[in-house]
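Start at 1 and go down the list; that is how both ligands and their atoms are numbered. One is the number of the first residue; the rest follow in order along the sequence. Predicted, not measured: the structure shown is a model, and the values here were computed from it.
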Amino acid sequence: MSRNQSGANEEQSANDAESNDRTTSRRSVLHGMGALGATGLLSKAGLSEASNGAIGNVPTQVADVNQTSPELEKWVDEVPRPSVLKPDGRKKGKSYYEVDMRQVEQQLHRDLPPTTVWGYEGQYPGPTIETKRGEDVYVKWKNNLPEEHLLPVDETLHGTGPDVPDVRTVTHLHGANVEPESDGGPEAWFTQNFEEVGPTFEKKTYWYANEQPSTSLWYHDHALGITRLNVYAGLAGFYFIRGKHERALDLPDGKYEIPLVFQDRTFNDDGSLFYPSGPDEDEGEPNPDPSVVPEFFGDTSVVNGKAWPRLTVKPRKYRFRMLAGGNSRFFNLKLFQYDEETQTIGDPGPTMTQIGSDGGFLEKPVEISDRLLLGPAFRADIIIDFSEYEGQSLLLHNNAPSPFSGVAGEDPDDVQPLPEIMLFDVQEKGCKRDKSCIPKRLARVPEINPDNAVEERELPLVEGVDEYDRLKLLLGTRESPNGLNWDAPITEDPKVGTTEIWDLINTTVDTHPIHLHLVQFQVLGRRPFNVDQYNADRESGSVGPISDYCTGELEPPAANNRGWKDTIDADPGYVTQVIAHFGKFKGLFKDFTGEYPWHCHILEHEDHEMMRPYEVLPREDGDNLFPNPLVAKKSGRTLFKIGPPQDLDGDCLYEDVNGDDEFDIEDAIALGQVAWAYENSYLELSDEQVAALDANGDGELTTQDAIALGRMALFG
Ligand code: C2O
Ligand code: CU
Ligand code: CU
C-alpha cells in the first residue's frame with residue numbers, strides 16, 4: 001500500500017511549509033541558558049578551564065528544562081557487554097529469530113534505583129544479532145510493551161493523535177540493504193500481538209538479505225512521531241554482518257572485540273528516565289502539552305546501558321564497534337591519561353585507528369590524529385592498542401558542543417557538554433601474547449564514479465515553523481526550497497540500478513546527520529556556499545542552481561569518511577555531496593525497489609518532519625538495462641569499455657559491429673564480450689542484466705551464451 005493512501009491528515013501535508021524569520025530564535029534561547037553550564041575540566045591538554053578541580057560530579061545543566069540527574073559517583077560500574085541473540089529455529093532453511101520488546105527494570109548505576117526501560121528481549125541495549133555475509137536471516141519483532149507510554153507523547157506530531165495507540169513500535173535495521181516490506185519504515189508500526197498496525201505494515205517476520213559488506217548495523221525503533229521516545233526508552237541494539245574475509249584479517253576478537261553504544265540520558269531521583277514534556281516557554285505562544293523539544297541532550301553518559309562506566313582492559317589491542325546512539329548528541333572523542341584520585345586529565349592516551357565506517361571496512365586503516373567524530377547513528381570500527389599504558393587509567397573525552405554545528409572545542413553555545421564518556425583501566429602486563437594485528441589493507445571499496453550519475457538532486461535543509469509556531473526543520477527540493485512535510489508526495493525517485501548525487505544544502509545553524517535507508521553511499525565532499533543569499537532567494541521564490549551560490553571548491557572527505565556511509569554530517573554553510581548507487585554494485589548489495597525514508601537522525605528532528613519518503617523505481621520495458629558505462633578489467637588492464645567513443649582508447653578490444661560509430665552494449669553483446677567478461681568475473685552485472693544476456697535461458701551467464709550471442713571465437 002502506498003503511504004499516500006494512509007488517510008494521513010491532508011491539512012498537514014502542505015507542500016511548501018512556510019518559511020520563517022526565526023532562524024536564530026532557538027539559538028538565542030539556548031544562549032541564555034548557556035551560562036548555567038560548567039564543565040569544570042582540569043587540563044594540560046588545552047581543554048576548558050578548571051573551575052574547582054572536581055571534574056567528577058559537576059552537574060551539567062539541561063538547556064530546555066530544569067531537570068538534572070541525581071549526583072552519581074563516576075566510574076563505579078563495569079561496562080556490560082550486550083548478550084548475543086540465539087536463533088529460535090529455522091525458517092526456509094535460514095536462521096529465524098523472535099525478538100520480544102518488553103518493559104523491564106534495569107540497574108543503570110550502582111547508586112541509582114532500578115530504571116524502567118524498554119528493551120528488546122527485555123534488555124537495554126538489546127542483544128546483538130550476529131549474522132554472516134551472504135546468509136539471509138528472518139526476524140520476527142514482537143511488541144509486548146504495556147499500553148501506556150513511558151514518556152510524554154506529543155499528540156500533535158505526524159503519525160500521532162487521540163485515535164492512534166500511544167505505544168506503537170516498528171524495528172528498523174539501520175544501514176541494511178533490505179526489501180521495503182522488511183525495512184521497518186515509520187508507518188509500518190504495530191501494537192501488542194499485532195492487534196493494530198500502521199498503514200504501510202506488510203508482514204510480521206522480516207527478511208534480511210545480508211548481501212552487503214561485513215559491518216556493524218544497528219536496529220532501533222522507528223515508529224512515526226515517537227521514534228525519539230521509543231529509542232530513548234531503550235529500543236536499540238547491534239546487528240553485525242561478518243564475512244570470511246574479516247576472519248582472515250586477524251583483528252582482535254572474542255573478548256577483545258567489544259561493542260560500545262554511547263548514549264546520553266537524564267534521570268529523575270527515583271531512577272526513572274527523564275524526558276522533557278516540552279521546551280521552556282519564555283517567549284511566544286504556549287506550546288501543546290506535552291510538546292516535542294527541538295533537541296534533547298541528557299546530562300549523564302550511558303555506555304551499553306550503564307551510567308558513567310569503566311572498562312577494564314589488558315595492555316593489548318582491542319577492537320571496539322562504536323555507535324553514537326543518543327537522540328541528538330554528537331560525540332567528538334579522544335583518549336587522555338587520567339588521574340582518578342585528583343580527577344585530572346593528563347597527556348593524550350593511545351590513538352584510535354579506524355578500520356571501518358557505517359557500512360563496512362575502509363580500504364586501509366586510518367589513524368585518527370586528533371578526535372573521532374561520531375554523529376547520531378554513525379558507527380566506527382576502532383582498534384586501540386593499550387600496550388603502552390599498563391596500569392593506567394584513560395578517559396574517553398568528548399568535546400562536541402551540543403547543539404553541534406561542525407566546530408568542536410570551545411563554543412559559547414555549548415550549553416550541554418558531556419565531556420566525560422567512560423574510563424578505561426589498563427591492567428598490568430599479562431603473559432599472553434597479543435597475536436592480533438592491524439592489517440595494512442582491509443578491503444576493496446569500489447568507487448562509485450560521479451561520471452555515471454544520471455541525476456543530481458539539490459536538497460536544502462531548512463528551518464520552518466509548524467502550526468503551533470514551533471521551530472521545525474525540513475527537507476526540501478529545488479522546486480520546493482522551503483521544505484516539504486513527510487506527507488507530501490514523493491519527490492526523490494531514483495531508478496533501480498542507477499547512480500545519483502544528492503546535494504545536502506544546509507541553510508540552518510546546526511549540523512544535521514542525514515541518513516538514507518536502503519543504500520550505503522559514498523561522500524564526494526562538501527562545498528561552502530553563501531547561505532544568506534541562498535536563503536534570501538529561497539524566501540523570495542527565486543532560488544537558482546546551487547552552483548550559483550558556491551563560494552569555494554569541493555573539499556574532499558576526511559580519510560575515515562572514504563568508505564561506505566549511510567549517515568553523514570551535513571554541516572551548516574556547506575553543500576555536502578553524497579553519491580549513491582541504487583542497486584547491486586560490483587558484486588555488493590542487491591536490487592530492491594519501493595519506498596524508503598531518508599531523514600535527519602537527530603530523533604527530535606525526524607519526529608517533527610525532518611524526514612521524507614523516497615522511492616526506488618523499477619526498470620521499465622524499453623529502459624536501457626545498461627545505463628552506466630561498463631568497464632571490464634583484468635589484472636588492472638582494461639579489456640574493453642562500453643561508452644561514448646571518446647572514452648574508448650587504443651588498448652581496448654572493441655569493434656563497431658553494427659557500424660553506428662559507437663561502441664555500445666549492442667556491439668559488446670554481438671562480440672560476446674559481456675557474457676565472456678562476466679563469466680570470467682571481470683564485470684559485475686545485476687540480476688536483470690544477467691537475465692537479459694542469458695541467451696540459452698539456463699539462469700547463468702557462461703561461454704555458451706557468449707557463443708550464442710556472438711563471435712566467441714574472437715577470444716579463442
Ligand atoms: Cu537509524 Cu531511519 O534510521
Ligand atoms: Cu536507517
Ligand atoms: Cu536535524
Visitor: Does the shortest distance from atom 1 (Cu) of ligand 1 to an N/O/S atom of H222 fall below 2.8 Å?
Guide: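 No.
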Visitor: Which is the closest N/O/S atom of H220 when seen from atom 1 (Cu) of ligand 1?
Guide: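 That would be atom NE2.
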Visitor: Using a 4.5 Å cut-off on heavy atoms from C-beta on, say whether the side chain of D493 contacts that of R457.
Guide: yes
Visitor: Do you know which N/O/S atom name in H512 is closest to the Cu ion (ligand 3)?
Guide: ND1
Visitor: Check K584 with D591, please: is the shortest side-chain N to carboxylate O separation under 4.0 Å?
Guide: no
Visitor: Would a line drawn from the ring center of Y120 to the ring center of W141 be shorter than 6.0 Å?
Guide: yes
Visitor: Where the Cu ion (ligand 2) is the corner point, what angle links NE2 of H515 with NE2 of H172, to 10°?
Guide: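 Vertex at the Cu ion (ligand 2): approximately 170°.
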Visitor: Kindly state whether the ring of F521 and the ring of W598 have centres lying under 6.0 angstrom apart.
Guide: no
Visitor: State which residues pass side chain to side chain donor-acceptor pair (under 3.5 Å) with Y239; sequence neighbours excluded, sorted by chain then number.
Guide: N210
Visitor: With the Cu ion (ligand 3) as the reference point, give the N/O/S atom of H605 that is nearest.
Guide: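 Atom name of the closest N, O or S in H605: ND1.
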Visitor: Could you check which N/O/S atom of H174 is closest to atom 1 (Cu) of ligand 1?
Guide: ND1
Visitor: Name whichever N, O or S atom of H601 ends up nearest to atom 1 (Cu) of ligand 1.
Guide: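 Restricting H601 to its N, O and S atoms, the minimum distance to atom 1 (Cu) of ligand 1 goes to NE2.
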Visitor: Does the ring center of H517 lie less than 6.0 Å from the ring center of H599?
Guide: yes
